[in-house]
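Comments concern the structure below.
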Amino acid sequence: MDSNALPPDRLNQIGVLTRREVEVRLLMPLLQALAVEFGQERILAVTRRIILDISRQQGAQLALSCGGNTLAHLAASLADWQKGDAMRFDILEQTDRRFFFNVRQCRYAEMYAALGVPELGVLLSCNRDAALIEGFNPQIRLTRTRTIMQGAEYCDFRYEQEDKINLA
């Protein structure tokens, strides 16, 4: 096992929304104190890098726990992000090559705003999505142009399976 790899992730049993709230309640005062000591930009850059690395590892773990890394497996995994009525979305297209949906209600954004740290929502939640899919399956690309967390009416998730490059 890679010494940098995380142990198996069983935290989704509590739901990702609850998990994120626990994380932000711990990180909020820590990041504030570190920013005073070392500067906010530096601390946020380090935090961003670490969160993205963790997200890639969690994506790989998600593929293992789902028993595969196809778009169908990804779609089935969304139940963890929905626990506790955490988000509501409309599926626009779901095929073996494309999975498009719009999140129209996001309690994640509501939670970060209620805690007075909406800017941490982007750093600690939204930024994870692209890195998570990289770890889950590097042949799937996420395109997202708007998020509720950043003030949009909805989040537009567009996952597409890329063709594998054949160098033979």
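- Under the 4.5 Å side-chain heavy-atom criterion for ILVMFWY residues, a single connected hydrophobic cluster contains both Val122 and Trp81.
- Expressed to the nearest 0.5 Å, how far CG of Leu124 lies from CE of Met149 amounts to 9.0 Å.
- Note that OH of Tyr112 is 10.5 Å distant from CE of Met28, once rounded to the nearest 0.5 Å.
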| task | Kindly indicate, with the supporting measurements, whether the criterion side chain to side chain contact (heavy atoms under 4.5 Å, CB included) is fulfilled by Gln40 and Leu44. | result | CA-CA 6 Å; Gln40 184 171 354; Leu44 293 180; 3.6 Å; yes

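- Atoms CD and OG1, on Gln161 and Thr70 in that order, are 8.0 Å from each other to the nearest 0.5 Å.
- Distance alone, capped at 3.5 Å, is enough to place a donor-acceptor pair between the Asp156 side chain and the Thr145 backbone.
- Leu115 and Leu30 fall within a single hydrophobic cluster, where Ile, Leu, Val, Met, Phe, Trp and Tyr are joined by side-chain heavy atoms under 4.5 Å apart, directly or via other members.
- Judged by distance alone, the side chains of Gln150 and Thr147 do bring a donor and an acceptor atom under 3.5 Å apart.
- Salt bridge Arg56/Glu134: present, at least one basic N to carboxylate O contact under 4.0 Å.
- Taking hydrophobic clusters as Ile, Leu, Val, Met, Phe, Trp and Tyr residues chained together by side-chain heavy-atom distances below 4.5 Å, Leu17 shares a cluster with Val117.
- Summarising the geometry, atom CD1 belonging to Ile133 is positioned 10.5 Å from atom CZ belonging to Phe157; distances are rounded to the nearest 0.5 Å.
- Here the side chain of Arg144 pairs a donor or acceptor atom with the backbone of Cys126 at under 3.5 angstrom.
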| field | Audit row: Glu160, Ile140, side chain to side chain contact (heavy atoms under 4.5 Å, CB included) steps and yes/no | value | CA-CA 5 Å; Glu160 294 190 77; Ile140 296 175; over 6 Å; no

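- No single ILVMFWY cluster, assembled from side-chain heavy atoms under 4.5 Å apart, contains both Val16 and Leu64.
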| Intermediate values then yes/no, side-chain hydrogen bond (donor to acceptor under 3.5 Å, both in side chains), Arg20 and Tyr108 | CA-CA 8 Å; Arg20 292 292 175 264; Tyr108 297 90; over 6 Å; no

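- Nearest approach of Arg146 to Ala152, heavy atoms of both residues: CB-CB, 3.6 Å.
- Residue Phe100 is not grouped with residue Phe136 when hydrophobic side chains (ILVMFWY) are merged at heavy-atom distances under 4.5 angstrom, including chains of intermediate members.
- Atom CG of Leu27 is separated from atom CD of Gln32 by 10.5 Å, given to the nearest 0.5 angstrom.
- The minimum heavy-atom distance linking Arg141 with Pro138 is given by the pair NH1-O, 3.0 Å.
- In this structure, CD in Gln61 is found 13.5 Å from OG in Ser55, a value given to the nearest 0.5 Å.
- Between Ile148 and Val103 the shortest side-chain heavy-atom distance falls below 4.5 Å.
- With hydrogens and angles ignored, the 3.5 Å screen pairs a side-chain donor or acceptor of Ser65 with a backbone N or O of Leu62.
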| request: Would you please test Leu123 and Leu120 for side chain to side chain contact (heavy atoms under 4.5 Å, CB included) and show each step? | output: CA-CA 5 Å; Leu123 177 69; Leu120 286 184; 3.9 Å; yes

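- Of the N and O atoms on the side chains of Asn102 and Arg158, at least one donor lies less than 3.5 Å from an acceptor on the other residue.
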Going by atom type alone, with no hydrogens or angles, which donor-acceptor pairs under 3.5 Å involve a side-chain atom of residues 87-95 and a protein atom two or more places apart or on another chain?
residue : atom : partner : partner atom : Å
Arg88   : NE   : Asp85   : OD1          : 2.9
Arg88   : NE   : Gln105  : OE1          : 3.3
Arg88   : NH2  : Asp85   : OD1          : 3.3
Arg88   : NH2  : Asp85   : OD2          : 2.7
Asp90   : OD1  : Arg104  : NE           : 3.0
Asp90   : OD2  : Arg104  : NE           : 3.2
Thr95   : OG1  : Arg97   : N            : 3.1
Thr95   : OG1  : Arg98   : N            : 2.9

